[in-house]
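Each residue takes its place number in the sequence, starting with 1. Start at 1 and go down the list; that is how both ligands and their atoms are numbered.
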Amino acid sequence: MNRRTFLKVVGSAALLPALPHNLLADTTIRRVRPSDPGWPSADKWKQLNEAVGGNLIPVDFPIADLKTDATGAAAQALIKNVENPYYVGEQPGLTESFGWVDAWATKRSVHAVAARNAGDIAQAVKFARENNLRLAIKGGGHSYQGTSNAPDSLLIWTRHMKDIQMHSAFVPNGCERVMKPQPAVTVGAGTIGKWAYQAVTTEAGKYVQGGGCLTVGLAGLVQGGGFGSLSKHYGTAAGSLLEAEVVTADGQIRIANACTNPDLFWALKGGGGGTFGVVSKMTLLVHDLPEYFGSVNLTVKADSDDSYRRLIRQFVSFYREHLFNDRWGKQAHLSPDNKLRFSMMSHGLDIDQVKKPWQPLLDWVANSGSGCSIEGRTDMACIAARHYWDSEFWKEHWPEIAFPRNGNPLHALVDDVLLHVMSNPAVTFDNRPGASVENAWWKGQTGEVATFWWGYESLWLPSSLLSDDAQQHLADALFDASRHFNFALHFNKGLGGSPPEALALAKDTCTNPAVLDAFALVIAADGQQAAYPGVTGREPDLVTARKAASMINQAMDRLRAVAGQDAAYVSESNYFQKDFQRAYWGSNYPRLAEIKKKYDPDGLFIVHNGVGSEGWSRDGFTKL
Ligand SMILES: Cc1cc2nc3c(=O)[nH]c(=O)nc-3n(C[C@H](O)[C@H](O)[C@H](O)COP(=O)(O)OP(=O)(O)OC[C@H]3O[C@@H](n4cnc5c(N)ncnc54)[C@H](O)[C@@H]3O)c2cc1C
């Protein structure tokens, strides 16, 4: 949908001619910057600090220290910890991604309210509104699009709001007559996946839908739609939202659920973070845990382009036949070097059941005519689900995984809990002195911290592409796309093959309905770690970056052609996404735009390519 169509849909275009010119001029909104006369005085900031219990803090920017005082303590701490997502997450002036070539580079806010409760948030929102400030909201800080940082802004930072409370029988406020009690968990707005998994799975033996990446914030995840590795079974994170406490632009603390403010509730379920208000806490559905989770890591290498074509064709029918169900999530990676790499996770399968479906593919590869071979080590593993995110267990049983010696993974069968060791060195711990054992993350995630993105695109692939008569077209497109750039099929980020309950929950969200029938979300992306403009020796490589962005675009164009649509996942997509309203929300956009107008008529909450952002300048300071 272009801007003109959008205005028509939401009705504001029709109003324009009726308004006198001077009234139009009066409605212009331009947020103030520190250099403007309207910037709040020191006295006013002092009053805000008192109103938020002393939690108004200055925002350090260690990246600037790299430029001015590279040997100083702040710069050295950044250099030492730049791949540690917990260190990065604890800095109000940093974000998990450092930027995106030709798009954005992370910048600090002028001040931050390090909120401790909804009251602090409400005070910050009122202050921003009364003083015409640009507002930014940051939780886990994992926005790829840079939507949780804004220079010259006031930041609401929720990192410290991490209370977690389990409920055995939760009924949303006001829903007593229409909803049955359900097991649930209430999490503070700053809660990241690892902390939620620790409380819900390790301690309580249950499951909550967080992200695959352990340091993603749940508030940002849920508002984006949100997928974990097992979303094909449990559905989206947005689908599991039962209730939110949210501070809207008028400074009111509201409850949003299916019975109270249901329009706001629906918009929070996938309408994008930083857009409808500031969520202070959320209550999420809790599910039963299966006995086991499992994993398969396996790489097949083809000896020629022709063999790779055949391998991909074989893979498409193999996937449909053996893995296209709610038991299997995570990814298959395709690449120009003719490799097909699986990094998969299973739900509720014991070790024999994990291994069994792979045999037909292994047999096909072993066939002398395939032109393919298995590369490196194949891991098929299974673990008691309760220990999957259990830091203490990892430390105790997988010392070689946490601290690999000579890169050798642990092979031994440790005890009856661990059926077969997940031997891929999977986990990294925060090694800063005094760091909690809970500060752990998947090793594969390390490469994403502090990345300056070159390109990043996503696309949902409809399940119809797996039908008999479409498989060859899909295989051809996958092969052609792989000539341009590597990409991954994230099976857990499409709900084709999901159980009816998961589909019903996701259907009641505002995520693009394309997710319901997609067998996978394709993601192609690349970037440069620990890079930032103007820092000597760490400048983003613009030539390589623009070339990569173009190759990513060509690969995805080929896949868009076979998909017959351009539907993308808002939280993992192109900063330059064309027609973003339709791509992210499809037919849900007009309703979202109405809800935005109702709860935030003056655009206090504006993020790049968010609902309503088409009415604002790219920096979010000026209403167009
Ligand atoms: C390394 C990495 C791995 C990822 N893995 C996954 C994955 O496995 N599955 C998946 O689905 N996605 C994944 N994502 C995408 C991620 O889910 C989104 O970027 C998500 O929005 C991040 O939330 P956050 O709180 O960490 O980030 P933030 O950058 O803090 O917030 C994201 C957006 O939400 C807003 N926001 C944050 N908190 C609030 C609040 N309390 N109220 C209102 N608005 C708020 C921010 O203003 C911003 O616009 C990943 C991203 C990264 C960088």
Side-chain angles (χ1 to χ4, degrees), residues 83 85 88-89 92 94-98 100 106 109 115 118 121 124-125 135-150 153 155-159 161 187-194 209-231 236-238 244-249 256 267-268 270-282 329-331 345 441-442 444-451 453 456 458 490 492-493 511 515 521 523 525 527 529 569-573 600 604-611 613 620:
E83 294 184 354
V88 171
L94 290 180
T95 47
E96 169 92 358
S97 293
F98 276 10
W100 189 312
T106 196
S109 296
I121 293 175
V125 166
L135 203 50
I137 311 160
K138 185 162 65 178
H142 278 47
S143 166
Y144 286 110
Q145 313 256 346
T147 56
S148 50
N149 79 97
S153 66
L155 175 70
I156 296 176
W157 189 42
T158 63
R159 182 79 177 183
M161 297 175 65
V187 296
T191 305
I192 61 171
K194 179 66 169 66
Q209 190 55 75
C213 164
L214 298 179
T215 51
V216 162
L218 289 192
L221 181 87
V222 167
Q223 290 176 84
F227 304 92
S229 304
L230 300 168
S231 275
T236 65
E245 181 185 78
V246 53
V247 180
T248 43
L268 293 173
T275 300
F276 297 97
V278 190
V279 170
S280 43
K281 62 181 175 188
M282 303 180 303
K330 288 190 66 183
Q331 305 137 23
M345 180 166 175
W441 65 97
W442 302 124
Q445 186 200 330
T446 304
E448 285 215 50
V449 192
T451 292
W453 294 98
Y456 197 120
S458 74
H490 293 239
N492 51 303
K493 295 176 183 170
T511 298
V515 68
L521 179 81
I523 296 181
Q529 208 169 10
Y569 169 33
V570 55
S571 293
E572 298 185 314
S573 63
D600 185 20
L604 191 62
F605 305 112
I606 293 297
V607 297
H608 175 73
N609 283 357
V611 173
S613 64

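Near Gly226, the atoms of ligand 1 lying under 4.0 angstrom from a non-hydrogen atom of the residue are 11 (O). For ligand 1, the atoms closer than 4.0 angstrom to any heavy atom of Gly220 are 20 (C), 21 (O), 23 (O), 25 (O), 34 (O). If you number the atoms of ligand 1 from 1 as listed, the ones under 4.0 Å from a heavy atom of Lys138 come out as 30 (O). Near Gly212, meaning under 4.0 Å from one of its heavy atoms, ligand 1 places the atoms 7 (C), 8 (O). Of all atoms in ligand 1, numbered sequentially from 1 with element shown, those under 4.0 Å from a heavy atom of Glu96 are 1 (C), 53 (C).
Here's the thing with Gly141: one of its N/O atoms is less than 3.5 angstrom from an N/O atom of ligand 1. Considering backbone and side-chain N/O of Val216, none are found under 3.5 Å from N/O of ligand 1. Where the criterion is an N or O separation shorter than 3.5 Å, residue side chain and backbone included, Ile137 meets it with respect to ligand 1.
Only the side chain of Ala219 comes within 4.0 Å of ligand 1, judged by heavy-atom distances.
Ranked by closest heavy atom to atom 9 (N) of ligand 1, the top entry among Phe276, Trp157, Tyr456, Phe227 is Phe227. Considering each of Val222, Val279, Thr236, the one bringing a non-hydrogen atom nearest atom 42 (N) of ligand 1 is Val279. Between the choices Ser280, Ser231, Gly277, the shortest heavy-atom distance to atom 43 (C) of ligand 1 belongs to Gly277.
At a 4.0 Å cut-off, not a single heavy atom of Phe605 sits close enough to ligand 1 to count as contact. Ligand 1 lies out of reach of Gly224, whose nearest heavy atom is not under 4.0 Å from it.
Test Lys194, Glu448, Gln445 against Thr215 for side-chain contact (heavy atoms from CB on, under 4.5 Å) and you get one pass: Gln445.
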